[in-house]
Amino acid sequence: MRLLKTLRNRLRLFSLILVLVAGWVGAAEKNPQSVQVRIRTILAGSKSDEFDPKLKDMERQLKPLKYRSYRSLKDDTQSVPWQGTGSFDIPGGRSLTVAPQEFQNNRVSLKVRLTEGAKPELDTTVGIQNKGNFILGGPPHEGGTLVLSISATAQ
Amino acid sequence: MRDCENIRESIGSWLDGELSAAESESVRSHLASCTDCGEAQRRLERMHLALKAALTSQAPQIEFTSFWRGVERRINEKRTWYEDLLDGSRRLFTAPRVAWMVPAVIGLLLVLISMDFVPFRGSRNSFASVESIDAYGRSVALLRQPETRTTVIWLYQDQEGENETAEDPAKSAPTF
Amino acid sequence: MELNDWELVQKCQAGEMSAFQELVSRYHQKVYMVILGLLRNREDALEVAQETFFRAYRKIKSFQGGSSFYTWIYRIAVNLSIDAQRRQKRNPLDFRESMDGLLETQNEVARDPFSDVHDRELRETLLKAINDLTPEHKAVIVLRTIEGLSYKDIGEILGCSEGTVMSRLHYARKKLHDKLSAFL
């Protein structure tokens, strides 16, 4: 009986602590001021076997694309305000524009436009997990193929 | 003048000689004049005597030589390192004050992992949800990598209109 | 000239086994009585008492003399007894059997102040009531009743404040009193 009472009390206290912490985390989530957007531009090719060490953390995501080589061309990060836009230069005369829309349930909604010069190539609206990423690939460049990793972190 | 409830809570400490001189005098003078509290004091004294008799009456005298032989045997016996570890860890995980820390630490770790303060492989990414896509007339493929839970948007190139051609034309969309 | 405890400890730290033996001879009975008060089983109490001195021997070099030797040895004894009590509680049948066995052998003890039925019933009820206390409450009752230790010494042994000792004693006595009211 005593043991049960002790366990119940400890469980109550533990749950209270968990609720308080969850509330604090939730509160922190509700008011992110801007989004840190990171664009990693990678050149994937089939001529040589080369894996750029800078891309080590992305190896598991890139290998399934089945290219023989992966080289990091650019790595840019910008802090973009909500409903604002951030523009990133992509090698080969392309440009990527990212506009964070909203933050909900730990997910960041982004509008993304890829242009070649002034010509839009792709428009997409994507919801990604906070601090997560998605991959946009396919445009040719210098004998290989561009692969873009687009990630966002709400701040 | 302290009330009877307060005095009764102090009778034990007074009998133990653990009160200050002033408190002791306060208790003593109340007990001298209050019948009920005086009776409470006598009951506590009787209980103390009964306790002492119950706890000490059955204790046999331990013969020292055989007792010392038992201690010596333990000293000379070799203990394995894991027996020591088990002894130490048993106390650590069963002591109530510490045992309750175990679920608390687990809970804290879970919170920290969810906040990404503690890196936890595989926990960062989940599939992106593609709400809309417009490739301006080009073909586009939407793919998902199950192992890394990565969403891939693959843009095909319109080969007729392109000036720039790769030596290796852009592959068909990667398959997983 | 008889050496005091600290002098014996220092000799022991220097490797003199005879000094440790002298310490054991001074305290073995007291330590055994306290452990028996907590465990209520002679064989277990003997085991734990010997284990207490064995552990003290292994840790003797870390004893700095900050507390008295007897509070230090009692602390080891009480901690081991509390562990043993928890194991006892997980095997209630074993404990019940040992309690019965202990009560049966009471007749073998030459000096038995509980000569009549009323007193025997009181003792049985008392022992059961003590056993129903938590290990921490039982420890304060045993240390105070058997050894007459001060709240300060009890606090040092149990690693708590004098205030905690006082409140635990008060709680334990109240619990025991409630169960024994018919006899008192």
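Values reported hereafter were calculated over all heavy atoms of this structure, with side chains retained and with hydrogens, waters and symmetry mates removed. Because the structure is a prediction, the values reported are computed rather than measured. In what follows, every chain begins at residue 1, and chains take the letters A, B, ... in the order their sequences are listed.
Between B:W68 and C:F20, the two ring planes are tilted [angle within 30° to 60°].
Classification of C:K174 and B:E9 as a salt-bridged pair fails, no side-chain N sitting under 4.0 Å from a carboxylate O.
Both the backbone and the side chain of C:Y151 come within less than 4.5 Å of a heavy atom in chain B. Contact of C:A49 with chain B is made through backbone and side chain together, with heavy-atom distances under 4.5 Å. Contacts of B:S66 with chain C are made by backbone atoms alone, with heavy-atom separations under 4.5 Å and no side-chain atom involved. In this structure, no portion of C:T52 lies under 4.5 Å from any heavy atom of chain B. Only the side chain of C:Q29 comes within contact range of chain B, with at least one heavy atom under 4.5 Å from a heavy atom of that chain.
If you take CZ on B:R43 and NE2 on C:H177, they are separated by 4.0 Å, rounding to the nearest 0.5 Å. Remark: C:L122 CG to B:R46 CZ distance equals 11.0 Å, nearest 0.5 Å. The distance from atom OG1 of B:T56 to atom CD of C:E147, rounded to the nearest 0.5 Å, is 10.5 Å. Taken from CG in C:L126 to CG in B:L51, the straight-line distance is 4.5 Å, to the nearest 0.5 Å. In this structure, C:L149 CG and B:D16 CG are separated by 11.0 Å, a value rounded to the nearest 0.5 Å. Taken to the nearest 0.5 Å, the NE2 atom of C:H28 stands 8.0 Å off from the CD atom of B:E63.
Enclosure of atom CD in B:E131 by more than 12 non-hydrogen atoms of other residues, nucleotides or ligands within 6.0 angstrom is indicated. The 12-atom threshold is exceeded at NZ of C:K179, counting heavy atoms of other residues, nucleotides or ligands nearer than 6.0 Å.
Under the 4.5 Å side-chain criterion, counting only non-hydrogen atoms from C-beta, C:L169 is not in contact with B:S13. Side-chain contact between B:I75 and C:F53 is absent, with no heavy atoms from C-beta onward closer than 4.5 Å.
With chain B as the partner, the residue from C:E162, C:E47, C:Q21, C:K152 showing the most heavy-atom pairs under 4.5 Å is C:Q21.
Contacts with chain B (heavy atom to heavy atom, under 4.5 Å) involve no residue of residues 60-78 of chain C.
Taking the ring centroids of C:Y32 and B:F67, they lie at or beyond the 6.0 Å cut-off.
Taking each heavy atom of C:L36 and B:P60 in turn, the nearest pair found is CD2-CD, 4.3 Å.
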